[in-house]
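See structure below.
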Amino acid sequence: MIQEAIPFTPQTTASSITQILWLIPALPLVASGVIALLRHTQRKAAAALAIGSLSVSLLLSLAAFAHVLAGWANGHAVRETVNFTWFQVGASSVSMGWVLDPLAAVMLVMVSFVGLLIFIYSIGYMAHDWNFTRFFCFLSLFAGAMLGVVVANSMLLLFMSWEIVGLTSYLLIGFWYERPSASAAAKKAFLTTRVGDVFFFLGMVWLFSQTGTLLFYNHGAGSLEGLALNNLLAQHAAFGITAAGAIGLLIFAGAMGKSGQVPLHVWLPDAMEGPTPVSALIHAATMVAAGVYLVARVYPLMSAGIPLMRTSGVTAVTGALAVVTWVGAVTAVFAALIAIAQNDIKRILAYSTVSQLGYMMAGLGLGGVAVGLFHLITHAFFKSLLFLGAGSVIHGAHEEQDIRRLGGLRATMPLTFITYAIGMLALCGFPLVFSGFWSKDGILEAAHSGAIQGPYYLLVFGALLTAFYMMRQVSYVFFGYWRGHHPAHESPRVMTLPMAVLAFFAIALGAIGTPAWPWFRSFLNGQAAHFDWREFAEPGLFALMAMSSFVVFLGLGVGWWLYGNKSPSPVAPDALEKAAPALWAGLRDRLYVDEFYGVSFIAFYNWWARVADWLDRRVWGGIVALVAWLFRGWAQLNRLFDVYWINSGFDKTCDEFSSSGGLLARVQSGRVQIYLRILALAVVVLVAILLWSARP
């Protein structure tokens, strides 16, 4: 059912909540700065500051959401901005500001709420860590930076917050820096995401050069508004691509880095080297969500000139959105294949995150902002639940992460098992009950209506793989018998309670995204929402839901058939490994992408580093040494000229003056007798001269 969008109400004066919107990211940032000044023994103060500041941010986010919701309920879409000039050079100025609209309101609530639950969980998980205070300092900085990304109405402010997100991910992934693997993972994440950020920066500079502003919305003069977009569409870059499309692709490259899309996905699985709460925060609510949010925020630029064209129910998408779609679909399958053969409980979830991010990108490319963002929101809850559940397993199983050395935990950790099973079924898209089913099916529906069916088949295959590898993981961890060395135990309530809250929303959020009541899509698109059971009768919808359900049941069934209640020995080969050892080895080794990078890009840069070192030492260093030798020679010549020519002449002249002065000094001794003798001598000389002159 296609509905007319509610028009945005022209902004006269920003509301009071929009005026103070900057406080939402500022409070965690200030808390982070204060925590940095605390001693490491002040653990309670650090946790209280971090949780308290984010709690206030959540309350402000709810107030902002309520303001937008009230406007939508009254028949007008809210988009309010507060802009200001940061600095001015001559006639040019750089402005920044913040924005409140449905997209920002939804993201603010999700980030602050899920982040707060992870903060509370961290109290129990990190209770025995010596750097407890530093951990909460980094967490607060991370949350504040992500909230800054969400509220930014300027590409520049978004980029600044974006880079702080990258910095804090480096600090948190490498939090246990004494571990070589953690240090290496932190550097890998930082450097890989910088590759995408370089393209993002180029796109930002290009956008500013063409539009003269980096503000998204500015009363019609923003870079995402009609006048600027029309100018960008009128300019061509290369290969028939408009400036709008080229800038969109550069910005998407930055999103690929942050959201772990192929081929910049390699850092994300290694990010699990950090503490588990960090994994939950990175993989669910903050860093990886930033890339998807960026594409959603600049969607008017991505879709400029290439609107969705519906002809007989078929949607054709071209340009930048086509690239977004294909990259997302390929990433969804690529990461799901690798997840099948992993044995680390967190690494399986990490590759699952990469795969689900591919679904989100494909949803943005095929169905628009609401389709992709709904899966982002539901995924944030059930994936953070899964990571917190994995952390609970690791905590209760004495730091064991290898699923082959776990087992039977449904009896010893019942709360963890129940909540983890809910998260797992939501991720798989179990029919009707769980939110993941509705958000994933929204993407599949958009893909199915596409003019090209390739992404649709890839996404369906990815859904099958997701159900299979998650059933494999759950079977290894929670069924069979315990294969560890020490008895496992349930986690404390401070850890299980946030998991229970996330489990509730992993189910409940599906209610706002069903075809009968597409509340989320209507709210985000600025459309009126109506409840209508007849929407389930839309042609082809029931068949699509049946096919999606069959795929999920097939994946779960095959996974249970191979792994359910079998409890293989930790040293025994996997069931799939015995069937296809070569394929298994390739998937276990992550399809050799890291090795390929090692022998290609990294090898090239290592070679170039050696060349640069040789040039520095032999060429540039030699030139510098030659110049230094020439100047030393010139200095030596100057010294010889000064010592043997200038100084010698000056010294000889001085000696002559000194000798003459000595003679005069002896004459001018002050003795009267000498003066009389000189006078007598002078008289004699004078008389002689006179006599000589008087001679005839």
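Any value given below was found using the heavy atoms of this structure, including those in side chains, with hydrogens, waters and symmetry copies removed.
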Review point. Nearest 0.5 Å, what's the CD1-CG distance between I118 and L502?
Key: 7.5 Å
Review point. Taking all atoms of both residues into account, what is the closest heavy-atom pair of V324 and M361, and its distance?
Key: CG1-O, 3.2 Å
Point to revise | Ring centre gap for F479 and W560 strictly below 6.0 Å | key: yes
Practice item. Please list, chain by chain and in numerical order, all residues satisfying side chain to side chain contact (heavy atoms under 4.5 Å, CB included) with A488, sequence neighbours excluded. Key: L409, T412, W482
**Study point:** Side-chain (Q261) to main-chain (S259) donor-acceptor, under 3.5 angstrom
**Key:** yes
Check your understanding: Considering only heavy atoms from C-beta outward, does the side chain of T496 approach that of R493 to under 4.5 Å?
Key -> yes
Point to revise | For F505, ring-ring contact (aromatic ring centres under 6.0 Å, His included) partners two or more places apart | key: F113, F381
Review point. Does any non-hydrogen side-chain atom of T331 lie less than 4.5 Å from one of Y359?
Key: no
Study note, to complete from the structure: In short, L373 meets F520 closest at the heavy-atom pair C-CE2, 3.9 Å
Study note, to complete from the structure: residues 500-527 vs salt bridge (charged side-chain N to carboxylate O under 4.0 Å, His left out), sequence neighbours excluded, gives none
Point to revise | Residues that R404 engages under side-chain hydrogen bond (donor to acceptor under 3.5 Å, both in side chains), provided they are two or more places apart | key: D402
Check your understanding: Just by modelled atom types, is the L406 backbone N or O under 3.5 Å from a matching donor or acceptor in the R483 side chain?
Key -> yes
Review point. Do the side chains of I403 and D344 get nearer than 4.5 Å, heavy atoms only?
Key: no
Practice item. Look only at the side chain of T193 and the backbone of A189, and say whether a donor-acceptor pair between them is shorter than 3.5 Å. Key: yes
Exercise for review: Evaluate the criterion side-chain contact (heavy atoms from CB on, under 4.5 Å) for residue pair F504 and M499; output intermediate values, then yes/no.
Suggested key: CA-CA 9 Å; F504 169 78; M499 292 163 56; over 6 Å; no
Practice item. Would you sort out whether M360 and V371 count as a side-chain contact (heavy atoms from CB on, under 4.5 Å), showing the intermediate values? Key: CA-CA 8 Å; M360 296 173 209; V371 173; over 6 Å; no
**Study point:** Criterion side-chain contact (heavy atoms from CB on, under 4.5 Å) on V262 and V327, from CA distance to verdict
**Key:** CA-CA 7 Å; V262 172; V327 169; 5.5 Å; no
Check your understanding: Are W561 and Y563 close enough that their ring centers fall under 6.0 Å?
Key -> no
Study note, to complete from the structure: S548 meets the side-chain hydrogen bond (donor to acceptor under 3.5 Å, both in side chains) criterion, sequence neighbours left out, with K440, D441
Point to revise | is_close_aromatic(W72, W519), centroid dist under 6.0 Å | key: yes
Check your understanding: For L158, does its backbone N or O pair with a side-chain atom of S161 as donor and acceptor, under 3.5 Å?
Key -> no
Check your understanding: So do C428 and L556 actually touch side chain to side chain, heavy atoms under 4.5 Å?
Key -> yes
Review point. Is any side-chain heavy atom of Q342 closer than 4.5 Å to a side-chain heavy atom of Y469?
Key: no
Check your understanding: Below 4.5 Å, heavy atoms only, C-beta onward: do F553 and F430 meet side chain to side chain?
Key -> yes
Exercise for review: Calculate, to the nearest 0.5 Å, the distance between atoms NE2 and CE belonging to H448 and M547 respectively.
Suggested key: 7.5 Å
Practice item. Would you please indicate yes or no on a ring centroid separation below 6.0 angstrom for F175 and F135? Key: yes
Practice item. Go through F65 and S61 one step at a time and tell me if the side-chain contact (heavy atoms from CB on, under 4.5 Å) criterion holds. Key: CA-CA 6 Å; F65 179 80; S61 298; over 6 Å; no
Practice item. Kindly state each residue pair satisfying salt bridge (charged side-chain N to carboxylate O under 4.0 Å, His left out) with at least one member in residues 458-477, sequence neighbours excluded. Key: R472-D574
**Study point:** For T416, side-chain hydrogen bond (donor to acceptor under 3.5 Å, both in side chains) partners two or more places apart
**Key:** S392, E490
Exercise for review: With sequence neighbours excluded, give me every salt bridge (charged side-chain N to carboxylate O under 4.0 Å, His left out) pair touching residues 254-282.
Suggested key: K188-D270, D197-K258, D270-R347, D270-R590
Revision key, fill the gap. When rounded to the nearest 0.5 Å, the distance separating NE2 of H375 from CD of Q356 is 4.0 Å
**Study point:** For K383, all residues meeting side-chain hydrogen bond (donor to acceptor under 3.5 Å, both in side chains), sequence neighbours excluded
**Key:** S352, T353, H379
**Study point:** Qualifying side-chain hydrogen bond (donor to acceptor under 3.5 Å, both in side chains) pairs, either residue in residues 417-437, two or more places apart
**Key:** Y420-Q473
Review point. Is any side-chain heavy atom of L587 closer than 4.5 Å to a side-chain heavy atom of L591?
Key: yes
Review point. Would F132 and F136 count as a close aromatic pair, with their ring centres under 6.0 Å?
Key: yes
Check your understanding: If you look at every heavy atom in G124 and V494, which pair is closest and at what distance?
Key -> CA-CG1, 3.5 Å
Check your understanding: Which heavy atom of L388 sits nearest a heavy atom of A280, and at what distance?
Key -> CD2-CB, 3.8 Å
Review point. Who are the side chain to side chain contact (heavy atoms under 4.5 Å, CB included) partners of A426, not counting sequence neighbours?
Key: F382, F434, A506
Practice item. Taking the side chain as every heavy atom from C-beta outward, state whether L27 and L60 have any atom pair closer than 4.5 Å. Key: yes
Check your understanding: According to the side-chain hydrogen bond (donor to acceptor under 3.5 Å, both in side chains) rule, which pairs have a member within residues 102-122, sequence neighbours left out?
Key -> none
